[in-house]
Amino acid sequence: MSNTDNSSVPMDDESEVGNENATTKSTKVGDKRKSEYWNHFWDFRDPVTKKIVQVKCKYCEKMLTGNTNNGTSSLKKHLGACSKYPPNVDKKQKLISVYKSPESDATIVSNWKFDETACRLGLARMVIVDEQPFSIVEREDGLSSVKSSIARIRAAVRYVRSSPSRAKLFAHSSMLVKVSCKGSVCLDVATRWNSTFLMLETALKFEKAFNRFAEDDPDFSRELKDGVPTQEDWVNAKVLSLCLKLFYESTKKMSGSLYVTTNLYFHEVLEVLSCLIEWENSTNMDIRIMGRQMREKFDKYYGDLGKTNIMMLVAVVLDPRYKLRFLKYSFKKLYPNDFAKVDVICDNLYDNVQKLFNHYDAIIASSSSKNNRNINVANVDNGSENLSSSNSEQMKKFYDDFDEEESDFIVEKSELDYYLEEARERRVEGEMFDILGWWKEKSDKYKVLSTLAKDILAIPISTVSSESAFSTSGRILDQFRSSLGPNMVEALVCTQDWLRASNVCIDIERFLEDVQKYEEELDGSDTGITQVNEFVGNN
């Protein structure tokens, strides 16, 4: 056995490779190997000659050709490249961490390195304990690409509104540059993106006033940590304001509660998609990045419009200005290279509309049948002769034969077929169309469809008000607005309870004594009650 000191590299007593021919350096007596590189490998010897034929790395378990006569250059080379060899795991310079000891006020300085596992566990703990949405770990949802511009404009607005004297000086600056806006700038709320839109929209009207204000107030530039808004910031604000206006108007439309919104959904989604495509091709780098990020989020929820909630598409069919023909036209524009998919989507939609129509038709027919049975129509003899009774048998057969012959050429059409084939109502740009009023007017002609339309168009697009949709602050979690399954909710609640539980040692013996005393008191009170009941019963 070599006299080399192996204390610096611990060696196992067993090879742990499941091969009786594998040995470690320390198990061979008379081994003249002196290099410490052999300590990092297991030997594999020929059962006959007992010579080393192969070695196996203890870290990555890679097999190498081993021979004491060939030296250790190959072993040294492998250890230098082995990804699992401890000195190779992290060769980066470690960071210095300074923190106070939890047991005393002493300051401790130590090396620190990033631990992905610890970070993931810490993040999971935060989401569970603080009841954060899972989306908190997603990328920053599209305004982050121009957040520096927003921050500088917000800081400028905050400065102007911070005191009456500054507001007065800003008003004077606005007058000097002849700003036509009569109002003043407004500060946004960080958790409400609609207020950010309104802040930018108003601030843009005072762009020249801010530039003049920087000359009139010397403290303006000094007190703003990130500097005054630059020309690039105002350009970003203009483009961003135009982008946010689209979402602002769409959100207000779809969150309405005093008018029909179901038939608006598909049109609003189309408009948003069209704008996102335009932003993705913008020459402005920030807008292009923002558009790409928003498009990814859009595709996640609305990417395949063929999988949209079927009732939202039925509402478009029931809009006499568009009907099924508009949907087919739109899908062809969205999928220009896949008309087969368009046919499948439209056929599936028509089948669903037909099923809905048949269901309502059966309900209305059943209701009409009951009403007819309740009405007793008396036969009144007014002295006139029944004309049909005068027909001879020959003429009756004549008309029956005619009906039978023509039956092959008669194609019965339903209300739905007549409605879809009928010319569309003229669409007037900018005019508010009273769709419920239209169906009320056509209720005699389309008795079943008008009833169907009344129910479908009553469905709101969203149960969240526009105020809640604009806010990114707290959400109300209930059974209608939660996308979490019951098992996930149970897991989160239980884990949160475990994490919040305090690590307090419980004196079991003391609690058992308290329980015993409590039980004795209960026994005594039960005895007293029994004695009272017996006394009352005897008397």
Please determine whether a side-chain nitrogen of the Lys or Arg among [X] and [Y] lies less than 4.0 Å from a carboxylate oxygen of the Asp or Glu.
X      : Y      : answer
Glu280 : Arg292 : no
Glu268 : Lys253 : yes
Lys355 : Asp351 : no
Lys323 : Asp319 : no
Arg427 : Glu429 : yes
Lys413 : Glu421 : yes
Glu201 : Lys238 : no

Count the heavy atoms belonging to other residues, nucleotides or ligands that lie under 6.0 Å from [atom1] of [X], then report whether that count exceeds 12.
X      : atom1 : answer
Glu425 : CD    : yes
Arg325 : CZ    : yes
Glu422 : CD    : yes
Tyr329 : OH    : no

Hey, what's the ring geometry for [X] with [Y], parallel, tilted or perpendicular (30° and 60° as the breaks)?
X      : Y      : result
Phe206 : Phe170 : tilted
Phe266 : Phe326 : perpendicular
Trp439 : Tyr446 : perpendicular

- Candidates Leu327, Leu264, Thr262 - the one meeting side chain to side chain contact (heavy atoms under 4.5 Å, CB included) with Val316: Leu327
- Task: Can you run down the side chain to side chain donor-acceptor pair (under 3.5 Å) pairs that involve residues 220-230, sequence neighbours left out, and say none if there aren't any?
- Result: Arg166-Glu223, Asp219-Arg222, Thr230-Asp233
- Message: Between Ser443 (side chain only) and Lys440 (backbone N and O only), is there a donor and an acceptor less than 3.5 Å apart?
- Response: yes
- Message: When you measure from the centre of the six-membered ring of Phe197, is the NZ or CZ of Lys245 closer than 6.0 Å and no more than 45° off the axis?
- Response: no
- Query: Is the charged tip of Lys84 near the ring of Tyr59: under 6.0 Å from the six-membered ring centre and within 45° of its axis?
  - Reply: no
- Any side-chain donor near an acceptor of the partner, Tyr265 and Asn309, under 3.5 Å: no
- Message: Within the 3.5 Å criterion, strictly below it, is a donor on Asn358 or Gln354 matched to an acceptor on the partner's side chain?
- Response: yes
